Amino acid sequence: MTRKVFLSFEEFTQAWRQENIPEPKGLDLLRDSGPRLSHRWKRLAVPLLSLCLLLAAGTALSAAIWDSPKLRNKQGDVVFSYGQTNPEQMEKDAQSRQLFEKYRGIRQDAEVNAAPGEMNYLLITELYELDHYFYTAQKKSVFTSPQALQAATATAFQLPAYVPEKLAFLQGIIQYEGEPVDSEALYQEAKRAGLDYIVRPAKLKPEALNIYLEYGGSAAPDAPAVPVLRIGIRPEKDLSLANMTASDANHKAYEIVTIKGQEALYIKDEQLLYLPVQTAEGGLIYEIRSVFTQGREQPGGKSGNQPQPVSREELVKVAASLLGN
C-alpha cells in the first residue's frame, strides 16, 4: 500500500479519477464551495474520501484540503487569499524558528549596530541553506503623532477616521524597505570564508516595509487593564498573491465580512480583521487587532473593571473608516 499527500484539491481529484474507482456524488461541489462550506463537513470529508480510496483500491490517497477563503473587491476580483502553509514549508518554518533562537544575540546585535538611515542584512548560512531566507535589521522609527507617521514615509496609507471611545493614538512605528543586496553572492562570500553568518549594511529607502499604529487608553501603572487597538499595514505589489504567513486556517474560525462593498476576513479567536485595499501601487493589507495592556490586580487576583476587548462590530467600524466614502 502506498500513501500520497496532495497539496491542492485539483491534484487530489485528478489522482482519484485516474484510479478505476466510482466517483462519489458531490466531488466537484467540494472544490467550488469556497469558504462558506461548513467546517464540520470539510473536516469529515477528507478522512471519508481517503477511506473510500483505501478500501476500494488498496491505495491511501489523502488530500490536504483546507479552508482557503478568497476575498474579492467591488469588481469581483480576488484581492486576498488565506490558506494553510503546506507541510514541507511548515517543517522548514519550525527549523527556522530554532535557528532564529540559536542566533538571537547576533540578530539583536545586527539591529543595535544598524547606523541611522541604514539597515543590516544578516545572512545566517544554515538558515539560507534551509529556505533561502535572510534577516533584515534596523532601528525602530517611533512616532508620537499619526501625522508625523504619515509624513515619514513615501508609502501612502490611510489613518482611521474612527476609533472606539476612550482610545487615543499612542505611537506609530515604521520599518523601511532597504536597498537590495545580492543574497546569493552574500551566501557564497560567507561559505568561502567559512562563516556561520555575514552582515552587510544597506541604505534605507523612503518606502515602508511595515507600518504599525497603536491606540489605547490610560497607561498608568495603577490603572486597570484597558483594550488596545493595533493596526498593522503592509504593502503588497500583488494582493491576489498575498496571504497569511504560516497560517493554519484549518484550525481557526473565520468569517467573511462585507464592508462598503469590500470583503474583509475576521479571525474570531485572534480578534483580528484583515482588510485588503487595492491602490495605484498594488495594494495594502490592514491588520486590525484587539489586544490588552496589563492592568493592576485587585485583591483575590481579579483585575479591576474586567474590560472587554474591542468588539467585532467596533473593528468593522474602524475598517469602514479606512475605506473612506
Side-chain angles (χ1 to χ4, degrees), residues 7 9 30 33-47 64-72 78-87 89-91 93-94 96-97 100 160 162-164 166-167 170 210-217 224-234 236 239 242-259 262-277 284-295 301-303 305-322:
L7 301 180
F9 190 74
L30 274 176
S33 55
R36 291 172 179 81
L37 186 64
S38 73
H39 290 256
R40 181 174 180 273
W41 168 239
K42 282 189 174 181
R43 289 170 182 167
L44 287 174
V46 178
I65 302 173
W66 49 75
D67 300 332
S68 184
K70 292 178 173 59
L71 305 188
R72 300 178 183 274
V78 174
V79 295
F80 183 70
S81 177
Y82 172 84
Q84 181 175 329
T85 303
N86 68 60
Q89 186 59 49
M90 290 175 71
E91 175 62 28
D93 290 343
S96 295
R97 287 191 293 271
F100 263 50
Y162 171 85
V163 294
K166 297 182 180 179
L167 299 187
L170 297 180
N210 288 290
I211 303 167
Y212 303 96
L213 299 87
E214 185 171 291
Y215 295 80
V226 294
V228 169
L229 178 71
R230 287 182 180 159
I231 302 176
I233 308 168
R234 57 185 171 99
E236 290 286 351
L239 281 176
N243 56 21
M244 278 188 63
T245 302
S247 62
D248 188 9
N250 200 40
H251 295 87
K252 293 178 181 176
Y254 64 83
E255 176 187 356
I256 293 181
V257 184
T258 301
I259 307 170
Q262 170 73 54
E263 290 186 335
L265 186 70
Y266 178 65
I267 311 297
K268 181 179 179 181
D269 293 344
E270 299 180 14
Q271 296 167 339
L272 170 64
L273 186 71
Y274 285 97
L275 177 70
V277 178
L284 297 171
I285 296 176
Y286 292 85
E287 301 178 4
I288 310 167
R289 184 189 299 268
S290 173
V291 296
F292 279 110
T293 59
Q294 294 296 317
K302 295 182 179 180
S303 296
N305 298 334
Q306 289 298 318
Q308 297 298 310
V310 178
S311 68
R312 168 194 173 283
E313 290 70 23
E314 289 288 86
L315 295 180
V316 169
K317 288 181 181 179
V318 173
S321 75
L322 289 167

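All heavy atoms count here, side chains included; hydrogens, waters and symmetry mates do not. Since this is a predicted model, take the numbers as computed values, not measurements. For the single chain, residues carry numbers from 1 onward in sequence order.
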query = Roughly how far apart are Ile211 CD1 and Glu287 CD, rounded to 0.5 Å?
reply = 12.0 Å
key: Aromatic centroids of Phe80 and Tyr274 separated by under 6.0 Å   = yes
inquiry  = I want to check something: taking the side chain as every heavy atom from C-beta on, are Tyr215 and Leu170 in contact at a cut-off of under 4.5 Å?
reply    = no
inquiry  = Any heavy-atom pair between the side chains of Pro164 and Lys317 that's under 4.5 Å?
reply    = no
inquiry  = Leu315 vs Glu313, test: side-chain contact (heavy atoms from CB on, under 4.5 Å). Steps then yes/no.
reply    = CA-CA 5 Å; Leu315 295 180; Glu313 290 70 23; over 6 Å; no
inquiry  = Distance check, rounded to the nearest 0.5 Å: Arg72 atom CZ versus Ile256 atom CD1?
reply    = 9.5 Å
query = When you look at Ile233 and Leu213, which way does the side-chain contact (heavy atoms from CB on, under 4.5 Å) test go after all the steps?
reply = CA-CA 8 Å; Ile233 308 168; Leu213 299 87; 3.6 Å; yes
query = Roughly how far, to the nearest 0.5 Å, is CE of Met90 from OG of Ser96?
reply = 13.0 Å
task = Please report the shortest heavy-atom distance between Gly232 and Tyr212, naming the atom on each side.
result = CA-CD2, 4.2 Å
message = Salt bridge check, Arg230 against Glu214: does any charged N sit closer than 4.0 Å to a carboxylate O?
response = yes
task = Can you see which heavy atom on Leu275 is nearest to which on Ala264, and at what distance?
result = CD1-CB, 4.0 Å
message = Under 3.5 Å, is there a donor on one side chain and an acceptor on the other for Tyr266 and Gln271?
response = no
task = Determine, stepwise, if the pair Leu265 / Leu272 fulfils side-chain contact (heavy atoms from CB on, under 4.5 Å).
result = CA-CA 8 Å; Leu265 186 70; Leu272 170 64; over 6 Å; no
key: Short N-O contact, Arg234 and Glu236, less than 4.0 angstrom   = yes
inquiry  = Please find the pair of heavy atoms, one from Leu71 and one from Glu263, that lie closest to each other, and give the distance.
reply    = CA-OE1, 3.4 Å
note = Looking only at heavy atoms, the pair that brings Leu322 and Pro160 closest together is CD2-N, 3.5 Å
key: Euclidean distance, Leu273 CG relative to Ser290 OG, rounded to 0.5 Å   = 11.5 Å
inquiry  = Please give me the minimum heavy-atom distance between Val318 and Ile288, naming the atom from each residue.
reply    = CG1-CG2, 4.1 Å
inquiry  = Less than 4.5 Å apart, side chain to side chain, heavy atoms only: is that true for Val257 and Arg312?
reply    = yes
key: Check against side-chain contact (heavy atoms from CB on, under 4.5 Å), Lys268 and Glu255   = CA-CA 8 Å; Lys268 181 179 179 181; Glu255 176 187 356; over 6 Å; no
